[in-house]
Amino acid sequence: MTLSDNLETELNHTSRYVATSGVNDFAIRFANVNGTGSASANNLLLKSIFRMGIPVSGKNLFPSNIQGLPTWYELRVNGKGHTARASEFDLVVAMNGQTYREDVASLKSGGYLLYDSSWPLPKELMREDVNILGVPLSNLCTEPFPGSKERVLLRNIAYAGAVSALLDLDHSIVSEMLDEKYKKNEILRSSNQIALTIGYNYAKENFECPLPIRVAPLGVNANKILIDGNTTAALGCVYAGATVAGWYPITPATSIAENFLKLCERYRTFEVTRPDGTVEVKRNFAVLQAEDEIAALGMVVGAAWAGARSFTSTSGPGISLMNEIIGLAYYTEIPAVIINVQRTGPSTGMPTRVQQADLMTCAYASHGDTKHILLFPADPNECFSFAAKAFDLAEHFQTPVMMLSDLDIGMNDWVVDKLEWDDNYVWDRGRVLNSEQLAELPNFLRYSDPDDDYVTSRTLPGKDSKGAYFTRGSGHDRFGGYTESPEAYQDVVDRLTKKLQRAASYVPEPIIKSKPGSNLGVITIGSCEAAVLEALEILDEGGVSLDYMRLRGFPFDQSVRKFIDDHENCIVVEQNRDAQLRSLLILDLGVDPNLLRSVLSYGGFPLSTKSVVEGIEDLIKD
Amino acid sequence: MPSIRKPLIPLAPLPVNELGLTLRDYEGGMSTLCAGCGHDSITAAITRAFFELSLPPEKIAKLSGIGCSSKTPTYFVSGAHGFNSVHGRMPPIVTGANAANRSSIYIGISGDGDSLSIGAGHFVHAVRRNVNMVYVIENNGVYGLTKGQFSATADVGSSAKKGAANETPPIDPVILALSLGATFVARSFSGDKGQLIPIIKAAVEHKGFALIDVISPCIQFNNHEGSTKSYHYVREHEIKEIDQVYIPPSGEITAVLPEDGIVKVKMFDGSTLAFRTLPPHYDPRDREGAMHYVNQARLRREIPTGLLFIDEDAPDVHELNSTTDTPLVDLPYESLCPGSGALARFMEGFK
Ligand SMILES: Cc1ncc(C[n+]2csc(CCOP(=O)(O)OP(=O)(O)O)c2C)c(N)n1
Ligand code: SF4
Ligand SMILES: [Mg+2]
């Protein structure tokens, strides 16, 4: 008898090892091949756990490829709500031969390995200190699903069935979800139900279900939703009243424009009857798929110049292309909303992996002296409110505003508070003069600032010839005229400096969590939040107490400065190589560089709690 | 060398148009281009065409990229909003502005460098989208503003001021636009206002993208012996085979048209464009024929000018998008925001 046979026989009976985690506290890694339809199985499990009222997160680690390369899905369940990415797993579902070795290595000692036992246990999957659960998924699916393509897809649903039995998922919830999903296709509905049952029954009959790692209903999700940040960002644009979108496809930003289009088709269309009696569906919006990102932003700037709320969504390479027009918009003072769903760079980098490495390039995007308003959402809920806010800020300050989301927030499903909208919201169009206001003026001067507001009045084309002026990216004076005079030019750009300074108190204030007596601070941003908060809790239990500040906007407000001043020193946790957030703090606030140390993560996977704990421990031990 | 300042007080009362405005109302700031630059003549033709069309100045939006040519929107209709943007990117900026406010009349002024080198990618897509605009290429075969480098329209064999001949094949914007499905394609010469003015008028009335490629000599860098974009060369090689007269919707016919061979094209606003076709059987609605004709002429080193192609019925960008008739900028917020109730219902899908 070989070792693998030996393991197999033992394992189908009892667990020899107790997993280190437990009820509502565990992590699973699904190792799949991309293009095999595993996403629907993994999502089914994620959503079922969510519906049982338990905090959960799902991180899709996918390749830049359509079919055949490794892809992982990581699911973390945590009753206390800590759902940052786990770096070790209690259960691994190994469906991809290419990655067996690393998948089995990611398993905690005492954890569980589920594999397709239609074939003998591959030697790469052998590990003495884990429990091996063989489910003959392919064999089980051969008879009910004769088509090979169908079988590949349904094998995934079969493992979802087995996992749901092992984890004690509410079977009626899982099964209902399949009914919902396939309510329009009876053939798919019934085959999916069969596959689910096959896996479920096999696990029930062959293993001791449930495992010590399992779920127990909690009911904390009553006011929560499970949603990705690109959907919510698109909703934010709809609710803000954006009418023009210019965009060019790029992962991970594509689904913002696609969602915006879908939402507008749903909420912003109406029917008209043509003279010949036929019906036409008319649109209160325009979504323009541009020839490149330069054009995409050009369209946004043109539309905003004409007076529409307009936006583009892109990722790092698109930002690089947009640079010239970002400078144009800054200097001509035209509002523009740019949503940057950050991915790993430079260049094409790792397009399906996450980073926060566009902070510097966005803060000072374009040639010449520029500086821009940035918003840093931490989750899909903030993507909604910040996207809407971006339009108010852009129009109020007549300048580009960039919202920096990232792939983790934008493309993964997060459990967040339900989105809400205040029907009393009034959009801030900024200083736009209408004909009556123009009539009261002796003449209109585009860049004059009589009341020291730093924001000057603009007019819209197509309305009133008294408001006509010539928009130019070339040197202009406060009257809007062409100039090459040093004084007249400086007069305008100095006002822009003050305008951006003022914007600091309009961006969302930082989130600060302080404990009495702690003199060390941790500063972070965006999607780092979940991992950092959990890390601070773990460190606190170990007797190290740290204060917390999450930045939500740039330029930085005085409250940011105060937090730094109130601490002996601070640790900046961010996801890039060059400590860009730390640099921004030093540049924008003039903080002494010695007061800021860094914990950096930039490998492309979402930040894990472990890396933050270890990074901070390393820094504070010396 | 700046042009001469215009006298501030007109000597005699100026004629007025339907809006009671004079030609002066369609002028702009003083030109700072070289005296004799072809671009200034185009500005004058635009000024006159807009005056004669009685366009309300506030309804005009004039945009451009960067170059000597792109400076010219400051020199006409000072009562219109203008936008001198960045090099080559005027087409997307107009596309966005037009998407936002379809009620304005958009004129984009560009150069051959602006449209056919750095902005070629945008030019072709604006044609494809059939953005409702007048698109003027002030074509001098060189980069004027950066002092005389060859542009993408420089003909093979045309020599630069310092003597070197161009050896890379040119892009012909007319053939390019025809091949892309352009719905209005014309070519003219800056020195021929008689032809240019009616073409501009027709372009304004055209629903969709109206390209006017205007050969516009650069007096400073491309007007010497050996250049194929000099005044002299164009006068020698231009064949005005296609003459047209623009007839406004209400107006009378101001030119005597020959009885034979007249093709009348009804424009979007009800006006009529009538043009005489030479050679016989030239059909301005035959795209293939137009392409063939222009190509053949090019091989003979002839420059056919006039309205070369028109398709009055093609859907423009807004018809393709089914945009509402109300300009998007005029939609009240209430018609754009679905409200908290809709959001609450939408949230149910994420439970
Ligand atoms: C991004 C960028 N690159 C280069 C330039 C420099 N530049 C200004 S105008 C011009 C060429 C203009 O040529 P054309 O469009 O033919 O206009 P013309 O001056 O001949 O009328 C160039 C290269 C610029 N303004 N921007
Ligand atoms: S350099 Fe040439 S294109 Fe520029 S203004 Fe002078 S003549 Fe005109
Ligand atoms: Mg030129």
Side-chain angles (χ1 to χ4, degrees), chain A residues 51 225-227 235 238-239 241-244 246 267-268 270 280-286 288 290-292 294-308 310 324-325 328 418-423 425-427 459-465 467-474 482, chain B residues 29 56-61 63 66 73-74 77-101 103-104 121-122 124-125 129 317-318 321-329 331 333 335-344 346-347 350-351:
Chain A
R51 285 197 180 172
I225 47 167
L226 185 64
I227 200 164
L235 270 168
V238 172
Y239 274 75
T243 50
V244 178
Y267 295 118
R268 297 252 195 92
F270 59 97
E280 185 185 0
V281 177
K282 288 277 199 180
R283 299 169 145 196
N284 279 343
F285 64 94
L288 302 157
E291 52 272 24
D292 57 31
I294 302 174
L297 185 59
M299 290 167 178
V300 169
V301 166
W305 176 74
S310 55
E324 189 186 18
I325 296 184
L328 174 77
K418 234 192 256 178
L419 308 184
E420 277 169 16
W421 187 253
D422 176 4
D423 288 325
Y425 166 81
V426 179
W427 58 2
T459 56
L460 304 179
K463 304 289 179 197
D464 193 318
S465 71
Y469 70 100
F470 201 73
T471 306
R472 45 164 65 85
S474 45
Y482 181 84
Chain B
E58 73 276 8
K59 283 286 160 203
I60 301 167
L63 295 94
I66 294 288
T74 12
V77 206
S78 49
H81 273 70
F83 195 162
N84 183 193
S85 67
V86 286
H87 196 18
R89 319 300 175 194
M90 173 271 284
I93 293 179
V94 176
T95 306
N98 192 316
N101 187 350
S103 70
S104 289
H122 305 308
V124 297
H125 290 280
R129 288 190 188 99
V317 68
H318 287 291
N321 180 61
S322 297
T323 331
T324 178
D325 296 341
T326 313
L328 296 179
V329 289
L331 294 171
Y333 177 71
S335 69
L336 301 173
C337 179
S340 61
L343 187 61
F346 189 69
M347 289 297 98
F350 299 89
K351 296 292 290 174

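Residue numbers begin at 1 in each chain, while the letters A, B, ... track the order of the sequences.
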A:Thr243 portion near chain B, given a 4.5 angstrom heavy-atom threshold: both
Engaged part of B:Ala80 at the chain A interface, taking heavy atoms whose separation is under 4.5 Å: backbone
Nearest heavy atoms of A:Lys282 and B:Asp325, plus distance in Å: NZ-OD1, 3.2 Å
Heavy-atom contact with chain B under 4.5 Å, split by part of A:Asp292: side chain
Closest-packed option against chain B by number of heavy-atom pairs under 4.5 Å, given A:Ala295, A:Ala242, A:Ala308: A:Ala295
Contact winner vs chain B - A:Ser310, A:Ser474, A:Gly473, A:Pro461, heavy-atom pairs under 4.5 Å: A:Pro461
Heavy-atom side-chain proximity of B:Leu328 to A:Val244 below 4.5 angstrom: yes
Side chain to side chain, B:Cys337 and A:Tyr425, heavy atoms closer than 4.5 Å: no
Gap separating the CE atom of A:Met299 from the OG1 atom of B:Thr95, nearest 0.5 angstrom: 5.0 Å
Residue from A:Leu328, A:Leu297, A:Val301, A:Ile325 passing side chain to side chain contact (heavy atoms under 4.5 Å, CB included) with B:Arg89: A:Ile325
Selection from A:Val238, A:Leu288, A:Val300, A:Ile294 maximising heavy-atom pairs under 4.5 Å formed with chain B: A:Ile294
Partner chain A: residue of B:Val77, B:Val86, B:Leu63 with the largest heavy-atom pair count (under 4.5 Å): B:Val86
Reported CE-to-CG distance for the pair B:Met347 and A:Leu235, which is rounded to 0.5 angstrom: 5.5 Å
Which atoms of B:Pro73 approach chain A - backbone, side chain, both or neither, heavy atom under 4.5 Å: both
Toward chain A, the part of B:Thr74 with a non-hydrogen atom under 4.5 Å: both
B:His81 and A:Trp305 aromatic ring geometry - parallel, tilted or perpendicular at 30°/60° bounds: perpendicular
Smallest separation among heavy atoms of B:Pro338 and A:Tyr239, with atom names: CB-OH, 3.6 Å
A:Arg268 versus B:Leu336, closest heavy-atom pair with distance: NE-O, 2.6 Å
Under 4.5 Å from a heavy atom of chain B, the part of A:Phe285 involved: backbone
